[in-house]
Amino acid sequence: MQDPNADTEWNDILRKKGILPSKEKLKEQEEAEEEREQQILQQQSVVKTYEDMTLEELEENEDEFNEEDERAIEMYRQQRLAEWKATQTKNKFGEVLEISGQDYVQEITKAGKDIWVILHLYKQGIPLCALINQHLSGLAKKFLDVKFVKAISTTCIPNYPDRNLPTIFVYLEGDIKAQFIGPLVFGGMNLTRDELEWKISESGAIKTDLEENPRKQIQDQLMTSIKCSLPTRREESDSEDD
């Protein structure tokens, strides 16, 4: 098929009869098409630009955008601002805060919307309490969006019995979501940080990257050891025959 844009005698005849557009009109159409493509490319470039800009960059370049761009940019600005505020809120912890009873309402009950709080009640001189405080310090650095708090037990709850220590309460918006009371719950001085992380994660307060309960591995090893040490039926029978 012959190219209608080619400069041939036949095409000249068709142009004279109005079947094909004139060269001038054809050139205008091509220029108009190129201009439209250029505008589309510029719009795509602008969209990509302000999607990748920071809040400061958006303000610096706002004079370069048209009215439609400005509406889209404002939406992005609000979205970026909300994301920034959420990040600042989530990353404002990172350490274990020491409180007393008078701080309880402010630091725990009024901790804020969607803020999980881990409270450790402890006493000086109890080795397991000291171990848990050490583990919580590590977890606080790992889970920056969770508020870790510790308090000497009797400053928060008068006459709280030492036999219940250590105690961990897990709060969300002032409500207790989980509680771990007494040394037996924690498994004694063999408690590892991973085991404590898993235990707290079961309350929903933290999202652990551990794939399974670390304590399960120890239990499986213990059960395997016990099974290996138990005599088989044949060994028992041979023993009876003797």
Side-chain angles (χ1 to χ4, degrees), residues 86-225:
T87 301
Q88 293 301 306
T89 299
K90 287 186 175 181
N91 294 339
K92 68 180 180 181
F93 303 120
E95 60 183 9
V96 182
L97 177 66
E98 178 90 36
I99 68 168
S100 62
Q102 62 186 13
D103 305 315
Y104 179 91
V105 173
Q106 184 63 36
E107 299 296 341
I108 296 177
T109 307
K110 297 182 178 180
K113 182 176 175 58
D114 297 328
I115 300 296
W116 287 89
V117 181
I118 313 298
L119 170 63
H120 176 213
L121 297 182
Y122 75 101
K123 258 193 180 178
Q124 299 286 355
I126 299 179
L128 185 54
C129 288
L131 178 64
I132 288 178
N133 276 336
Q134 180 181 333
H135 290 337
L136 290 180
S137 293
L139 294 177
K141 291 180 176 65
K142 182 176 181 179
F143 301 99
L144 300 175
D145 58 337
V146 177
K147 189 173 187 178
F148 288 85
V149 180
K150 65 180 179 180
I152 294 176
S153 57
T154 50
T155 65
C156 280
I157 305 175
N159 302 317
Y160 193 73
D162 288 354
R163 66 176 179 274
N164 289 347
L165 299 179
T167 292
I168 288 181
F169 292 121
V170 180
Y171 297 86
L172 178 63
E173 298 178 5
D175 296 326
I176 293 181
K177 298 299 181 180
Q179 56 186 14
F180 308 100
I181 300 174
L184 293 179
V185 173
F186 297 100
M189 288 300 293
N190 291 323
L191 177 72
T192 66
R193 196 180 87 172
D194 283 351
E195 290 169 4
L196 183 59
E197 177 179 330
W198 183 270
K199 186 177 290 293
I200 295 174
S201 74
E202 290 180 319
S203 70
I206 57 179
K207 292 179 175 59
T208 181
D209 53 7
L210 300 172
E211 295 182 356
E212 64 175 7
N213 185 352
R215 174 66 65 174
K216 182 177 180 298
Q217 298 175 359
I218 298 174
Q219 291 171 342
D220 290 345
Q221 292 172 1
L222 181 61
M223 290 302 296
T224 301
S225 176

| Minimum heavy-atom distance between E173 and G112, given as atom pair plus value | CG-O, 3.8 Å
| remark: Separation between OG (S201) and CG (L210), nearest 0.5 Å, reads 7.0 Å
| remark: Nearest heavy-atom contact between A151 and I99 is CB-O, 3.4 Å
| Considering only heavy atoms from C-beta outward, does the side chain of H120 approach that of C129 to under 4.5 Å? | yes
| query | Taking the side chain as C-beta and beyond, is there a heavy-atom pair between V185 and K199 under 4.5 Å? | reply | yes
| task | Could you tell me the separation between the CD1 atom of I168 and the OG atom of S203, rounded to the nearest 0.5 Å? | result | 9.5 Å
| task | Please tell me if the side chains of F186 and I132 come closer than 4.5 Å, counting only heavy atoms from C-beta onward. | result | yes
| task | Not counting sequence neighbours, list each pair that qualifies as a salt bridge (charged side-chain N to carboxylate O under 4.0 Å, His left out) and has a residue in residues 114-132. | result | K123-D162
| field | Identified side chain to side chain contact (heavy atoms under 4.5 Å, CB included) partner of V146 from the options I118, I115, V170 | value | I118
| request: Applying side-chain contact (heavy atoms from CB on, under 4.5 Å), run through L196 and L131 and close with a yes or a no. | output: CA-CA 11 Å; L196 183 59; L131 178 64; over 6 Å; no
| With A130, which residues qualify under side-chain contact (heavy atoms from CB on, under 4.5 Å), at least two apart? | none
| When rounded to the nearest 0.5 angstrom, what is the spacing between CG in L144 and CZ in F93? | 10.0 Å
| message | Just verifying a value: how many Å separate K110 NZ and D103 CG, rounded to the nearest 0.5 Å? | response | 12.5 Å
| said: Suppose we screen for side-chain contact (heavy atoms from CB on, under 4.5 Å). Which residues come up paired with D209, at least two apart in sequence or across chains? | reply: K142, E197
| query | In chain order, what residues pass the salt bridge (charged side-chain N to carboxylate O under 4.0 Å, His left out) check against K150, with sequence neighbours excluded? | reply | E98
| request: Identify the two heavy atoms, one from A111 and one from V117, that lie closest to each other, and give their separation to 0.1 Å. | output: CB-CG2, 3.6 Å
| query | Are the side chains of F180 and T167 in touch, meaning some heavy atoms are under 4.5 Å apart? | reply | no
| request: Write out all pairs satisfying ring-ring contact (aromatic ring centres under 6.0 Å, His included) with one or both partners inside residues 147-170, taking only residues at least two apart or from two chains. | output: none
| About how many Å separate CG of N164 and CG of L121, when rounded to the nearest 0.5 Å? | 9.5 Å
| Neighbour count above 12 (heavy atom, 6.0 Å) for E95 CD | no
| query | Which residues pass the side-chain contact (heavy atoms from CB on, under 4.5 Å) test with L172, sequence neighbours left out? | reply | W116, K177
| message | Once rounded to the nearest 0.5 Å, what's the spacing between atom NZ of K147 and atom CG of L97? | response | 6.0 Å
